[in-house]
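Only one structure is covered here, and it is reproduced in the block below.
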There are 2 protein chains.
Amino acid sequence: MEVRRDVFQAIADPTRRAILTMLTLQALTPGAIAANFNSSRQTISKHIQILAECELLRHHYSGREIYYQLNPVKMKEIADFIEPFKALWDTRLNQLDEILKQLKNK
Amino acid sequence: MEVRRDVFQAIADPTRRAILTMLTLQALTPGAIAANFNSSRQTISKHIQILAECELLRHHYSGREIYYQLNPVKMKEIADFIEPFKALWDTRLNQLDEILKQLKNK
DNA sequence: TATATTTGCAGTCAAATAGCTGCATATATG
DNA sequence: CATATATGCAGCTATTTGACTGCAAATATA
């Protein structure tokens, strides 16, 4: 479980996507995050580690607690990959708009 | 290799991302796609199947050749996931802008 | 100080992944 | 019709994944 570790691999897992979404609202401790899942605390902790390793999460200590928070900028790597495709589907939608307009004019 | 099969899992593999990018320009046959990689034709073909299964690719026949083309709209699922995070990193960038403006004014 | 809580790390295991080869099928081409 | 080309499918294998449990360390709390 030690080789590929990038943003794309990180968001491939639905549990990890849920964790990311959960952290859009506020920073949380591993315990608090794990409380929302059926999996064991250690399993969730491992997911958190993976997210942290590829810098999707940052953390800061507060006594024995560790608060994990989003690093949303890192998500930009995914947005950058999507961007060129976005242009393509926009084009298709625009073409559809054109067709609809022409139909209306008839 | 038969269970999870969604867009996020599909783009987790770098080879599959390369295939998708390759197909932004034009529809291609499996043979033509495979020619761009070091992996075997069958291996690339399997990646194509995976992309097709989750509807990221469509295909049409031309004699014995099969042309695969992008279905960019399907990529929107990823964009939709990214969207809320985009707001967050935009906020941070905007805040940075504010700070820079204030520094300039001093 | 003794005990409880929060967390990370190491180890195990079944299932999934991604690569390979071999073979069958369908369509061009000579 | 015989051969070459394009493709998909089945089966094998090493590696990776994601789940689990157990344990150690650090910090609160009684």
Side-chain angles (χ1 to χ4, degrees), chain A residues 1-23 26-71 78, chain B residues 1-23 26-71 78:
Chain A
M1 195 168 171
E2 310 307 331
V3 177
R4 214 191 319 148
R5 188 75 12 125
D6 58 40
V7 217
F8 296 97
Q9 201 272 338
I11 65 155
D13 185 89
T15 302
R16 288 196 286 267
R17 288 200 299 280
I19 293 174
L20 290 172
T21 301
M22 196 174 293
L23 291 176
Q26 56 189 319
L28 291 171
T29 64
I33 295 171
N36 293 283
F37 295 93
N38 292 325
S39 304
S40 75
R41 179 192 60 77
Q42 289 93 330
T43 294
I44 299 299
S45 193
K46 209 163 194 173
H47 282 303
I48 294 173
Q49 294 313 315
I50 290 172
L51 291 169
E53 271 178 48
C54 62
E55 297 177 52
L56 280 167
L57 299 185
R58 299 194 183 292
H59 62 270
H60 61 268
Y61 299 89
S62 168
R64 69 183 163 184
E65 295 184 320
I66 306 180
Y67 283 86
Y68 284 90
Q69 61 183 315
L70 266 184
N71 177 24
I78 299 164
Chain B
M1 195 170 169
E2 310 306 332
V3 177
R4 215 192 316 149
R5 188 75 15 123
D6 59 40
V7 217
F8 295 97
Q9 201 271 340
I11 65 156
D13 185 90
T15 302
R16 288 196 286 266
R17 288 199 300 280
I19 292 174
L20 290 172
T21 302
M22 197 174 292
L23 291 175
Q26 56 189 316
L28 291 171
T29 64
I33 296 170
N36 293 284
F37 295 94
N38 293 324
S39 304
S40 75
R41 180 191 60 77
Q42 289 92 329
T43 294
I44 299 299
S45 193
K46 209 164 195 173
H47 282 303
I48 294 173
Q49 294 312 315
I50 291 172
L51 291 169
E53 272 178 48
C54 61
E55 298 177 52
L56 280 167
L57 299 186
R58 299 194 183 293
H59 63 271
H60 62 268
Y61 299 88
S62 169
R64 68 182 166 185
E65 294 183 321
I66 305 179
Y67 282 86
Y68 284 89
Q69 60 182 315
L70 265 184
N71 178 23
I78 300 163

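In the text below, chain A, chain B and the rest are named by the order of the sequence lines, each starting its count at 1. Please read all numbers here as calculations on a predicted model, not as lab measurements.
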Query raised in the report: 5'-most contact on DNA chain D: A:Glu65 or A:His47, nearest heavy atom basis?
Result: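 Comparing both residues, the 5'-ward one is A:His47.
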Report task. Using heavy atoms to find the nearest nucleotide of DNA chain D for A:Ile44 and A:Ser62 separately, return the residue whose nucleotide is more 5′. Result ->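 Its nearest nucleotide lies further toward 5', so the answer is A:Ile44.
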Could you tell me how far apart [X] ([atom1]) and [N] ([atom2]) are, to the nearest whole angstrom?
X	N	atom1	atom2	result
A:Tyr61	D:dA28	OH	C1'	17 Å
A:Phe37	D:dA19	CZ	C1'	14 Å
B:Ile66	D:dC9	CD1	C1'	12 Å
A:Asp6	D:dT16	CG	P	14 Å
B:Ile48	C:dA18	CD1	P	14 Å
B:Asp13	C:dA16	CG	C1'	13 Å
A:Gln42	C:dT7	CD	P	12 Å
A:Asn38	D:dG18	CG	C1'	15 Å

Requested in this report: Tell me yes or no: between the side chains of B:Tyr67 and B:Glu65, is some donor less than 3.5 Å from an acceptor?
Outcome: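 Yes.
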[X] side chain, from C-beta outward: closest of [options]:
X	options	result
A:Arg5	D:dC20, D:dT17, C:dT17	D:dT17
A:Gln9	C:dA18, D:dT7, D:dG18	D:dG18
A:Thr29	C:dC20, C:dT7, D:dG8	C:dT7

Requested in this report: Identify the heavy atoms of B:Asn36 and B:Ala32 that sit nearest to each other, and give their distance.
Outcome: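 The answer is ND2-O, 2.9 Å.
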Report task. Specify the closest pair of heavy atoms between A:Ala12 and A:Arg17, including all atoms of both residues, with the distance to one decimal. Result ->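 Smallest heavy-atom distance, with atoms named: O-NH1, 3.2 Å.
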N/O donor-acceptor pair, side chain [X] with base [N], under 3.5 angstrom:
X	N	answer
B:Lys46	C:dG19	yes
A:Arg64	C:dT6	no
A:Arg41	C:dG8	yes

Query raised in the report: Rounded to the nearest 0.5 Å, how far does OG1 of A:Thr43 lie from CD1 of A:Ile48?
Result: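 A:Ile48 CD1 to A:Thr43 OG1: 11.0 Å, rounded to 0.5 Å.
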Query raised in the report: Rounded to the nearest 0.5 Å, how far apart are CZ of A:Arg16 and CD1 of A:Ile50?
Result: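 One gets 4.0 Å once the value is rounded to the nearest 0.5 Å.
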Requested in this report: Name the nucleic acid region contacted by B:Tyr67, choosing base, sugar-phosphate or nothing; use a 4.0 angstrom heavy-atom cut-off, strictly under.
Outcome: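 The residue B:Tyr67 makes no contact with any strand.
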Query raised in the report: Reckon A:Ser40 has a side-chain N or O less than 4.0 Å from the OP1 or OP2 of D:dA19?
Result: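 No, outside the criterion.
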